[in-house]
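One structure below.
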Amino acid sequence: MPEHLVVLITAGSQEEASRIADALVTELLAACVSVIPGVTSVYRWEGEMQRDEEWLLMAKSTRGVFEDLVRCVRALHSYDLPEIIALPVVAGSEAYLRWVAGEVHGGWHALD
């Protein structure tokens with residue numbers, strides 16, 4: 001069975017989050033993407049403290065398509081440096097993990 005991942009991605013707007021989520025599922029790079037609104041991110045960017053409202057995406061995917069997932073997100077994202085962090089799934093429902101693996105496939109191509 002492939003190595004499963006939960007990939008965290010932040011977006012600056014609901015529209016951007018929806019566009020990325022739709023693309024990841026359509027392109028078979030994630031089985032499911034949960035979009036969580038109302039996340040406040042506090043961070044330092046170019047030497048200045050920032051505080052922004054963002055939308056958090058939690059993509060359920062596999063390691064085999066991770067690089068394609070990153071390319072897809074970068075192609076659609078408005079940030080210069082989008083957050084794309086993959087966390088390994090160390091355990092999960094066998095049936096759910098089988099479903100994720102069955103829904104995720106390689107071969108991402110640029111969206112027209």
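- Considering all non-hydrogen atoms of both residues, Ile36 and Val39 come closest at O-CG2, 3.8 Å.
- How far OG of Ser41 is from CD of Glu83: 6.5 Å, rounded to the nearest 0.5 Å.
- Between the side chains of Thr62 and Glu3, no donor-acceptor pair is found at a separation under 3.5 Å.
- Looking at Leu5 and Val89, their side chains never come closer than 4.5 Å, going by heavy atoms from C-beta outward.
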Next on the checklist: I'd like to know whether Arg19 forms a salt bridge (charged side-chain N to carboxylate O under 4.0 Å, His left out) with Glu15, so could you lay out the CA-CA distance, the side-chain angles of the two residues, the decisive distance to 0.1 Å, and finally the verdict.
Outcome noted: CA-CA 6 Å; Arg19 188 171 57 250; Glu15 295 79 19; over 6 Å; no
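- Pairing each heavy atom of Ala17 with each of Trp55, the nearest pair is CB-CB, 3.8 Å.
- Atom CD of residue Gln50 and atom CH2 of residue Trp45 lie 9.5 Å apart, to the nearest 0.5 angstrom.
- The minimum heavy-atom distance linking Leu57 with Ala11 is given by the pair CD1-CB, 4.0 Å.
- Residues Met58 and Leu8 approach most closely at CG-CD2, 3.6 Å, considering heavy atoms.
- Judged by distance alone, the side chain of His4 and the main-chain N or O of Ser61 form no donor-acceptor pair under 3.5 Å.
- With hydrophobic clusters built from ILVMFWY side chains whose heavy atoms lie under 4.5 angstrom apart, Val7 shares a cluster with Ile85.
- Residue Leu87 is grouped with residue Leu56 when hydrophobic side chains (ILVMFWY) are merged at heavy-atom distances under 4.5 angstrom, including chains of intermediate members.
- Judged by distance alone, with hydrogens and angles left aside, the side-chain atoms of Glu16 form a donor-acceptor pair with the main-chain N or O of Gly12 at under 3.5 Å.
- Note on Arg71 versus Asp68: salt bridge recorded, some NZ/NE/NH1/NH2 to OD/OE distance being below 4.0 Å.
- Using a 4.5 Å cut-off between side-chain heavy atoms of Ile, Leu, Val, Met, Phe, Trp and Tyr, with links allowed through other members, Val33 and Tyr79 fall into different hydrophobic clusters.
- How far OG of Ser78 is from CD1 of Ile20: 7.5 Å, rounded to the nearest 0.5 Å.
- Shortest non-hydrogen contact noted between Ala59 and Leu24 is CB-CD1, 4.3 Å.
- Between the side chains of Glu53 and Thr40, no donor-acceptor pair of N or O atoms lies under 3.5 Å.
- Looking only at side-chain heavy atoms (C-beta outward), Leu29 and Phe66 stay at 4.5 Å or farther from each other.
- A donor-acceptor pair under 3.5 Å is formed between the side chain of His77 and the backbone N or O of Thr10.
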